[in-house]
J.: 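What follows is a single structure, and I will ask about it in a moment.
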Amino acid sequence: MRSTGSIRIRGILAICLLSPLAVMLVTMRPAAAAAAADTSRQLKRPNILLMVVEDLGPRIGAYGDTLAHTPNIDKLAHEGVMFTQAFTAAGVCSPSRAALIMGLHPETFGAQHMRVSSFGEIRIPPGNAALSVGIPYEAVPPAYAKAFPELLRAAGYETLNKGKTDYQIGNPFSIWDISGDDVSLDDWSGEKPFFLMMSDNNTHESRLFRPETTLYTPRIVDRVAGYMGRFKDGFPFSDPLDVTVPGYLPDTPRVRRDLARQYDNIRLLDNWVGTVISDLARRSLLDSTVIIFTTDHGDGFPRAKRTVYDSGLHVPFIVRFPKGQAAGTVRHDLISFVDLAPSLLSLGRAPLPSYLQGRDVLTSDRGLARTHIFAARGRIDEYPDRVRAVRDSRYKYVRNEIPGRPQLAPVSYRENALMMQSLRDEHSAGRLRPAFSAYFSKDRPLEELYDIYTDPHETNNLADHPQFGHVKTRLARALQDHRQQTGDLAPLSETEMVLDHMWPKGEQPKTLAPLVRINDAKKGKREITVSSLTGGASIGYRFCEAQGCDDDARYHLYTQPVIVPPHAVTIESKAIRYGFAESGVVVRSLE
């Protein structure tokens with residue numbers, strides 16, 4: 001196997017040296033930028049609520065969608081700052097969430113494939129051959145990289161997560177004080193400001209599946225049946241005749257039916273948002289909490305989800321500051337998901353690591369903004385692929401780097417959607433116009449170029465038009481520079497990447513157990529230091545009294561020596577490096 005160490009080293013050095021403000025210029029009104037920065041500076045250490053819902057582009061009333069019934073989200077936008085040009089780093093869940101949580105593009109640390117924990121898993125219907133062969137793994141970021149909630153936790157926040165994680169790096173205990181499907185503000189101790197991340201799946205792609213057409217597994221059938229039950233008790237169904245079919249999909253009854261169902265799902269989502277905000281108000285926390293609403297990627301439709309087109313990347317992004325500060329501000333500057341980590345760290349007055357690839361979009365008033373956003377697509381379930389994209393304020397450039405891959409490969413999970421079935425049936429019958437039939441062609445072009453102003457659905461490829469040659473060259477160069485600066489692992493196959501940089505011999509490395517030292521008493525107090533011989537490991541600890549430790553007792557994040565509290569008789573500690581197996585628990589007597 002060829003050595004790729006130099007590629008990895010160049011990537012790490014680039015990440016370390018890259019300035020979050022290196023390539024920006026002004027694209028928003030200076031007054032809006034200054035207002036947002038002034039607002040953020042007035043908040044010393046606010047509580048932070050981040051709502052990340054699923055599979056939804058800006059189909060929100062506040063964004064101009066007249067069919068969407070979203071009074072609660074609209075109110076949030078009216079009371080806050082609404083970003084109109086926010087984009088994820090990938091058009092599918094796990095890679096996008098990896099970028100969000102780490103502040104790094106997923107292709108720079110091995111998280112670009114969907115999903116790493118199912119590599120080699122045969123998910124397709126009987127009779128088809130699996131294309132991806134490998135072993136499940138977890139991405140291993142550089143030793144110095146940490147998830148931003150852990151950095152907030154180290155800076156004095158209490159971090160809580162409700163629902164989905166799916167960050168491609170496992171579920172390190174060090175990121176959250178508490179995480180689970182039933183977590184709520186009832187779990188907050190009230191002793192520190194909180195960072196609470198909440199997920200909701202009312203708009204997830206699978207909510208469009210029907211039990212009678214589900215091809216996947218009995219588990220999916222049961223789940224879909226449960227979703228359908230939410231529409232009982234007279235819940236109004238949207239009329240398929242009222243929807244507007246996006247230009248990248250054919251206008252068929254089944255497509256309209258799924259679009260209408262999605263608007264019903266959006267109504268359910270909005271109800272959930274209203275419940276969350278009402279809970280804050282009931283607890284008198286609205287005036288001390290910054291509320292952020294966004295989605296993990298764009299619409300969960302064919303030729304949207306799992307792609308690098310705007311339909312898969314463009315998301316709503318709303319920030320509500322307390323007490324009406326900056327209310328009604330609309331910003332049109334380009335925002336990437338890698339910007340969330342530095343923005344929320346700055347909001348929480350936490351140190352900003354130099355390796356972050358994004359910029360602070362909430363507290364910086366330097367009048368600088370992005371010129372480009374970047375996105376990647378890797379393997380999608382059982383289908384290997386490699387696509388990269390760059391977008392400026394007007395044009396999108398796409399590189400399809402593996403030949404013979406149709407845009408709509410038969411990914412088993414997606415085949416459950418009526419929209420997907422309609423596309424295939426129309427294609428088989430020869431009723432699709434050429435732009436739609438091209439989705440199934442294995443002769444997709446190496447390069448694509450779109451003018452978003454005149455072609456917002458990206459259906460007219462301008463890559464071979466001479467009059468746009470200078471645009472293509474400019475964006476291709478920007479993409480190449482980005483990949484070199486951030487250490488894109490694209491030259492490696494997925495198996496090479498895993499074996500060379502993550503799990504040698506295909507086996508998950510294990511974090512070494514922490515070392516606990518009890519220092520001599522000073523002024524009657526003893527001090528504990530804990531360390532790990534695994535580079536980049538995070539350490540957790542908890543003290544136990546005579547009756548022992550409660551299994552549900554939280555582990556504290558170790559950041560500095562700690563004083564032994566009265567009545568403690570033992571200390572328990574463990575360690576984890578992201579992507580590694582967790583160490584065993586070390587128990588040390590204090591008597």
Side-chain angles (χ1 to χ4, degrees), residues 54-55 88-102 106-107 109-141 163-172 181 199 201 204-207 209 214-224 296-297 300 302 305-308 312 376-387 402 405-406 408-417 420 489-490 492-503 505-509 578-582:
E54 302 197 55
D55 296 21
T88 59
V92 69
C93 174
S94 295
S96 176
R97 289 175 180 268
L100 182 155
I101 210 74
M102 295 300 300
E107 65 273 19
F109 66 98
Q112 69 270 29
H113 297 290
M114 177 64 192
R115 110 178 349 103
V116 300
S117 62
S118 62
F119 184 32
E121 180 181 325
I122 299 176
R123 308 178 67 181
I124 54 183
N128 292 327
L131 293 181
S132 61
V133 178
I135 59 168
Y137 64 98
E138 293 173 2
V140 180
K164 205 164 189 176
T165 51
D166 210 8
Y167 312 131
Q168 308 264 68
I169 57 173
N171 285 302
D181 291 338
S199 299
N201 61 7
H204 189 266
E205 170 190 25
S206 59
R207 292 293 179 97
F209 298 170
T214 297
L215 308 172
Y216 197 42
T217 65
R219 177 176 60 87
I220 295 295
V221 173
D222 292 342
R223 184 185 301 171
V224 170
D296 60 354
H297 54 75
K305 185 175 182 178
R306 304 176 180 87
T307 77
V308 294
R377 162 172 151 147
R379 172 181 51 81
I380 300 296
D381 292 345
E382 61 270 21
Y383 264 83
D385 206 354
R386 185 170 70 242
V387 181
I402 298 184
R405 293 285 184 267
L408 291 183
V411 173
S412 60
Y413 195 87
R414 180 171 55 200
E415 296 298 314
N416 292 288
M420 192 65 233
L489 294 170
L492 304 177
S493 72
E494 190 169 6
T495 297
E496 287 176 317
M497 180 184 70
V498 174
L499 297 180
D500 287 0
H501 296 300
M502 298 184 184
W503 289 17
K505 299 181 180 180
E507 298 177 358
Q508 185 177 26
Y578 298 174
F580 283 37
E582 186 178 296

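Everything numeric here is computed off the predicted structure, so don't read it as measured data. Residues take their numbers from the sequence shown, with the count starting at 1.
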J.: With sequence neighbours excluded, tell me which residues meet side chain to side chain contact (heavy atoms under 4.5 Å, CB included) with Gln508.
T.: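 Scan of Gln508 (side chain to side chain contact (heavy atoms under 4.5 Å, CB included), adjacent residues dropped) gives Glu138, Trp503, Ala581.
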J.: Any side-chain heavy atom of His501 within less than 4.5 Å of one from Val140?
T.: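 SC-SC contact between His501 and Val140 ruled out.
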J.: Apply salt bridge (charged side-chain N to carboxylate O under 4.0 Å, His left out) to Arg414 and list each qualifying residue two or more places apart in sequence or on a separate chain.
T.: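 Partners of Arg414 under the salt bridge (charged side-chain N to carboxylate O under 4.0 Å, His left out) test: none.
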J.: Can you find a heavy atom in the side chain of Phe119 that is under 4.5 Å from one in the side chain of Glu494?
T.: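 SC-SC contact between Phe119 and Glu494 confirmed.
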J.: Is any side-chain heavy atom of Glu107 less than 4.5 Å from a side-chain heavy atom of Leu489?
T.: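 No, side chains not in contact.
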J.: Excluding sequence neighbours, so at least two apart, what forms side chain to side chain contact (heavy atoms under 4.5 Å, CB included) with Pro136?
T.: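 With sequence neighbours excluded, Pro136 shows a side chain to side chain contact (heavy atoms under 4.5 Å, CB included) to no residue whatsoever.
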J.: Quick one: are Ser118 and Arg379 in side-chain contact, heavy atoms under 4.5 Å?
T.: yes
J.: Can you see which heavy atom on Ser412 is nearest to which on Asn416, and at what distance?
T.: O-ND2, 3.5 Å
J.: Over all heavy atoms of both residues, which pair between Tyr167 and Ala98 is shortest? Give the atoms and the distance, please.
T.: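 In terms of heavy atoms, the two residues are closest at O-CB, 3.3 Å.
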J.: For Met497 versus Leu492, what's the shortest heavy-atom pair and its separation?
T.: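 Closest approach of Met497 to Leu492, heavy atoms only: CA-CD1, 3.9 Å.
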J.: With rounding to the nearest 0.5 Å, note down the distance linking CD1 in Ile169 to OG in Ser117.
T.: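 Spacing of CD1 (Ile169) from OG (Ser117) equals 12.5 Å.
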J.: What are the two closest non-hydrogen atoms of Thr88 and Asp296, and how far apart are they?
T.: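 Residues Thr88 and Asp296, closest heavy atoms: CG2-O, 3.3 Å.
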J.: With rounding to the nearest 0.5 angstrom, report the CG to OH distance, Leu499 to Tyr137.
T.: 10.5 Å
J.: Suppose we screen for side chain to side chain contact (heavy atoms under 4.5 Å, CB included). Which residues come up paired with Val387, at least two apart in sequence or across chains?
T.: Val308, Arg377, Asp385, Val398, Asn400, Arg444
J.: Applying side chain to side chain contact (heavy atoms under 4.5 Å, CB included), name anything that partners Ala99, two or more places apart in sequence or on another chain.
T.: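 Ala99 satisfies side chain to side chain contact (heavy atoms under 4.5 Å, CB included) with Ala89, Pro106, Val338 only.
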J.: Ser94: which residues meet the side-chain hydrogen bond (donor to acceptor under 3.5 Å, both in side chains) condition with it, sequence neighbours left out?
T.: Arg115, Asp166
J.: Which heavy atom of Val116 sits nearest to which heavy atom of Gly110, and what is that distance?
T.: CG1-O, 4.0 Å
J.: With sequence neighbours excluded, tell me which residues meet salt bridge (charged side-chain N to carboxylate O under 4.0 Å, His left out) with Glu205.
T.: Lys305, Arg306
J.: Taking atom OH of Tyr578 and atom CD of Gln168, what is their separation to the nearest 0.5 Å?
T.: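 Answer rounded to 0.5 Å: 15.0 Å.
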J.: Does Ser199 have any side-chain hydrogen bond (donor to acceptor under 3.5 Å, both in side chains) partners at least two apart in sequence or in another chain, and if so, which?
T.: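 Partners of Ser199 under the side-chain hydrogen bond (donor to acceptor under 3.5 Å, both in side chains) test: none.
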J.: Using 0.5 Å steps for rounding, measure from the CG atom of Asn201 to the CD atom of Glu54.
T.: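 Between atom CG of Asn201 and atom CD of Glu54 there are 5.5 Å.
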J.: Provide the closest heavy-atom pair for Glu415 versus Met420 in the form atom of the first, atom of the second, distance.
T.: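 So the two residues come closest at OE2-CG, 3.7 Å.
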J.: Taking side-chain hydrogen bond (donor to acceptor under 3.5 Å, both in side chains) as the test, write out the residues that go with His297, two or more places apart.
T.: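 So His297 forms a side-chain hydrogen bond (donor to acceptor under 3.5 Å, both in side chains) with Asp55.
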